[in-house]
Asker: 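I am attaching a structure below and will ask some questions about it afterwards.
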There are 2 protein chains.
Amino acid sequence: MTVERMPASLGGATSHGHLLELIRSADGLSRQQLLSTTGMSRATLYERLDTLTRRGYIYEAEPLGSTGGRPSRKIRFQDRGRVVLALTLGQTHGTVSITDTTGRQLRSETFALEISAPADSVLLPLVEEGRKLLEQGSDETLLGIGVSLPAPVEAGTGHVKHQTTIPGWSPDSVVRAVKATWDLPLVIENDARAAALGERASDAETVVYVKVGTGIGCGIVVEGSILRGAHGSAGDIGHIRMSADGPLCRCGRHGCLAAYSSGRALRDRLGHLGLTKIDDISAAAGTGDPEVLQALSDAADVLGRALAATVTTLNPDRLVLGGQIGGLPDFVEKVSSRVLTDVVERIAEGMVVEAGHPEDLAACHGLTTLVMRKIFAPDAVDQLFADEAESAAG
Amino acid sequence: MTVERMPASLGGATSHGHLLELIRSADGLSRQQLLSTTGMSRATLYERLDTLTRRGYIYEAEPLGSTGGRPSRKIRFQDRGRVVLALTLGQTHGTVSITDTTGRQLRSETFALEISAPADSVLLPLVEEGRKLLEQGSDETLLGIGVSLPAPVEAGTGHVKHQTTIPGWSPDSVVRAVKATWDLPLVIENDARAAALGERASDAETVVYVKVGTGIGCGIVVEGSILRGAHGSAGDIGHIRMSADGPLCRCGRHGCLAAYSSGRALRDRLGHLGLTKIDDISAAAGTGDPEVLQALSDAADVLGRALAATVTTLNPDRLVLGGQIGGLPDFVEKVSSRVLTDVVERIAEGMVVEAGHPEDLAACHGLTTLVMRKIFAPDAVDQLFADEAESAAG
DNA sequence: AAACTTTCGTCTAAGCATTAGACATAAGCC
DNA sequence: GGCTTATGTCTAATGCTTAGACGAAAGTTT
């Protein structure tokens, strides 16, 4: 006799990992609902739920309203007291955050730092602060750690690629600094990419996140996954060439987007006003200084022209701007209008151009998403259960 | 007692579908090799192979060389006599091809057509020619049909999107025209996207395919899958705006890439030489007409500038040029040099810029890939087996 | 030609996960 | 208290998968 099965896509959630995934995605399902959505037998499902409960993956939450008989109880993903530590490093500041499993910040501290300093001198204070922040919580369990950097990161290993922004750091400096304190799942990602992931609303969306701070970074998320390209340089839009004879860029070429629109370029242009820091510029923009506003407008216009090409190539649902410069309302407004006029209507329509969440929050959220994915990926969970069963038997 | 299992990624090929996938990807594996790679038991594997053989999915091929004992026999995916029909429609020509399961053309015929004519008057002759070509083969089984169009196509349904190039076609005109003759798996795709897929070498690569014919099309393949974007307009680079006050484009705006570099733009520029067709231009380029060469060079230069932005955004492994204009050696050369100078070295290095296979072949290959994927996707095969088992039991 | 080696093909008993379904209990509603 | 629905546990049956045996097949080596 053959059993009626659900289409594999929806409910063939037979394994522990997929069942957990189902519970984690739906916020609270009753046993009854799980039985019908998965199509599993009572005995099997209960065994699975039992195991997942015993191992602390799920718990039984409040009852749902009764429909006449005994009320069912929600089964929930065990997120109570589970936290992720996110270290988001920028060029000049770093934030240490404790987040819940959905990426919401619970506690955080921001510090000044100099990213070009030796790796350990930058990282160890942050790690130490992480330890302190963790101690402030009661009954919290740390699940994993995420670190974002304003530099290219190798996809699989999390190694820092040798590059101008972080000259002295060895590839595995972050891994070592963190692993020395916590032997837990660790994810390292470029800051713009982490923020892009943190800004995405649904898994179906294509999001382009552009960070304009000291430099220009960009993260592209297509259907929930980060676009990396052949050598991990996808989204390196700061070096789109806007003209053959433009200003000199740090990369040695002329006319790069970053030489027009980055915070560094603005600082150079506005240096004579005594604005020596990027934050000075955003502050001056707030006061309405006309020269500053004009400079921002020019920068935004060039960026908008470049992004028009990027947007035309990718047809995203959303274009999100962030960073100290990128997030300024006037800047967003100007970029938006330029992009929307330069992009053909078919692509522009329905696309949202907007300022992102405060940068740390976005990156923090993205990092938590990555950490959670790494730990609770169905296959990873199944593997873990299989390994434990094996070692118990062997 | 617990069984040692292979890592799920590699060999956990327990189901019929995944086993078939494994056999299909490796070209000829012995039973012995299958046993060790999958980790399945002899009995189970043999049952699976038996079923797959009985249903005509696989067959036993020639023996491998002996290593001292009885030689093993290769198990092969059943591709003998299996063909796919590919209809590749351009603006002015259409090709009907019979391909083997790897996408290699076996027989083909090319016709002149006018894409702006009513759908049925374009499609029915091609379908009829397809029937004739199929009759020429002996002992061939048609697995499915692929159709590529020089117009946007809706991803899931294969419906033609209402657009300027094909004004009179109803969304489902292609589906109806084909399904009336063959009730088989059908895939409909945009021509540049099909070609992009047809050009890809490995599933790990990111490939940007740019077709310069009458218009400019572009297909982007990331890790084997086609990038579509929010409304399916990803890769619509013909309307990247190259200047605010450039020539008028058909879309009503000024300065679009297509107004500089498309075959149509070249034809307009070279009209006074009596070159009224795109093919005339490529012919004249072959004879070395200096005015034509200069026009091509200019067009290529602008395209190269636009592609530099696209390439910087995506960091592809390969940039492939195709189409009547795009495939011209001088054109490729010029685009390549412009892209490679405009793109920052980190991205340019390792990237290959090259002319694609003749356009029909690439699109044809891509279509076959899509049809084969649709039919032999592991899940689809498993579903089929499950359904049949159920109906046999019920 | 005989011995050797390796694969092939089939079969069996055992193991294990999963299932259908029974049965008792719990809990809210009328 | 009766009704209804969900929960919790248990059992026999089912059926897929496995380990492993066994012999035949088909080459190589001696």
Side-chain angles (χ1 to χ4, degrees), chain A residues 1-6 8 11-19 28-54 58-76 382 385-386 389-390 392-394, chain B residues 1-6 8 11-19 28-54 58-76 382 385-386 389-390 392-394:
Chain A
M1 180 207 157
T2 310
V3 181
E4 290 274 347
R5 280 185 193 282
M6 297 281 110
T14 44
S15 75
H16 290 89
H18 284 95
L19 183 61
L29 285 166
S30 72
R31 288 172 174 77
Q32 226 40 228
Q33 287 172 307
L34 284 170
L35 276 175
S36 61
T37 34
T38 62
M40 296 164 81
S41 75
R42 200 180 203 70
T44 311
L45 176 67
Y46 276 50
E47 183 277 330
R48 295 271 200 283
L49 293 178
D50 205 47
T51 313
L52 286 170
T53 307
R54 266 187 291 107
I58 57 174
Y59 69 100
E60 186 167 89
E62 79 285 355
L64 282 100
S66 160
T67 56
R70 174 173 177 174
S72 57
R73 286 190 128 81
K74 275 191 179 177
I75 307 289
R76 276 244 174 73
D382 284 342
F385 276 61
E390 190 167 344
Chain B
M1 178 204 161
T2 308
V3 182
E4 291 276 344
R5 281 185 192 282
M6 297 280 110
T14 44
S15 75
H16 290 89
H18 283 96
L19 183 61
L29 285 167
S30 73
R31 288 171 174 78
Q32 221 51 219
Q33 289 172 307
L34 284 171
L35 276 174
S36 61
T37 35
T38 62
M40 298 164 79
S41 74
R42 200 179 204 70
T44 311
L45 176 66
Y46 276 50
E47 182 279 329
R48 295 272 199 284
L49 292 178
D50 205 48
T51 314
L52 286 170
T53 306
R54 267 188 289 105
I58 56 173
Y59 69 99
E60 186 166 90
E62 79 286 353
L64 282 100
S66 161
T67 56
R70 175 174 177 172
S72 57
R73 287 190 127 80
K74 274 190 177 177
I75 307 288
R76 276 245 175 72
D382 284 343
F385 275 60
E390 189 166 343

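To find a chain, count down the sequence lines: A is the first, B the second, and so on, and within it residues start at 1. Computed from heavy atoms alone, side chains included, the values below leave out hydrogens, waters and symmetry copies. Predicted model only: the values in this text are computed from it and were never measured.
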Asker: How do A/Glu60 and A/Arg70 order along DNA chain D: which one's closest nucleotide is nearer the 5' end?
Answerer: A/Arg70

Asker: Work out which heavy atom in B/Ala61 is nearest to a heavy atom in B/Arg76; give both atom names and the distance.
Answerer: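 Between these two residues, the closest heavy atoms are CB-NH1, 3.5 Å.
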
Asker: Of the nucleotides D/dT11, C/dC11, C/dC8, which one has an atom closest to the side chain of A/Ala43?
Answerer: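 Ranking D/dT11, C/dC11, C/dC8 by closest atom to the A/Ala43 side chain puts D/dT11 first.
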
Asker: From the list D/dT7, C/dG9, C/dA20, which nucleotide is the closest neighbour of the side chain of B/Arg31?
Answerer: C/dG9

Asker: Tell me what B/Ser72 touches on the nucleic acid: a base, only sugar-phosphate, or nothing, going by heavy atoms under 4.0 Å.
Answerer: sugar-phosphate

Asker: My understanding is that only one of B/Arg54, B/His16, B/Arg31 makes a side chain to side chain contact (heavy atoms under 4.5 Å, CB included) with B/Leu49; could you say which?
Answerer: B/Arg31

Asker: Across the strands shown, which category fits B/Arg73 at heavy-atom distances under 4.0 angstrom: base, sugar-phosphate, nothing?
Answerer: sugar-phosphate

Asker: Looking at D/dG27, D/dT11, D/dT17, which one has an atom nearest to any side-chain atom of B/Ser41?
Answerer: D/dT17

Asker: Check whether any side-chain N or O of B/Thr44 sits under 3.5 Å from a backbone N or O of B/Met40 as a donor-acceptor pair, and report yes or no.
Answerer: no

Asker: Assess, by modelled atom type and distance only, whether the side chains of B/Glu47 and B/Thr51 contain a donor and an acceptor separated by less than 3.5 Å.
Answerer: yes

Asker: Between C/dC8, C/dG21, D/dT17, which nucleotide has the shortest distance from any of its atoms to the side chain of A/Arg42?
Answerer: C/dG21

Asker: Out of C/dC8, D/dA26, C/dG28, which has the shortest distance to the side chain of B/Tyr46?
Answerer: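 Nearest nucleotide to the side chain: C/dC8.
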
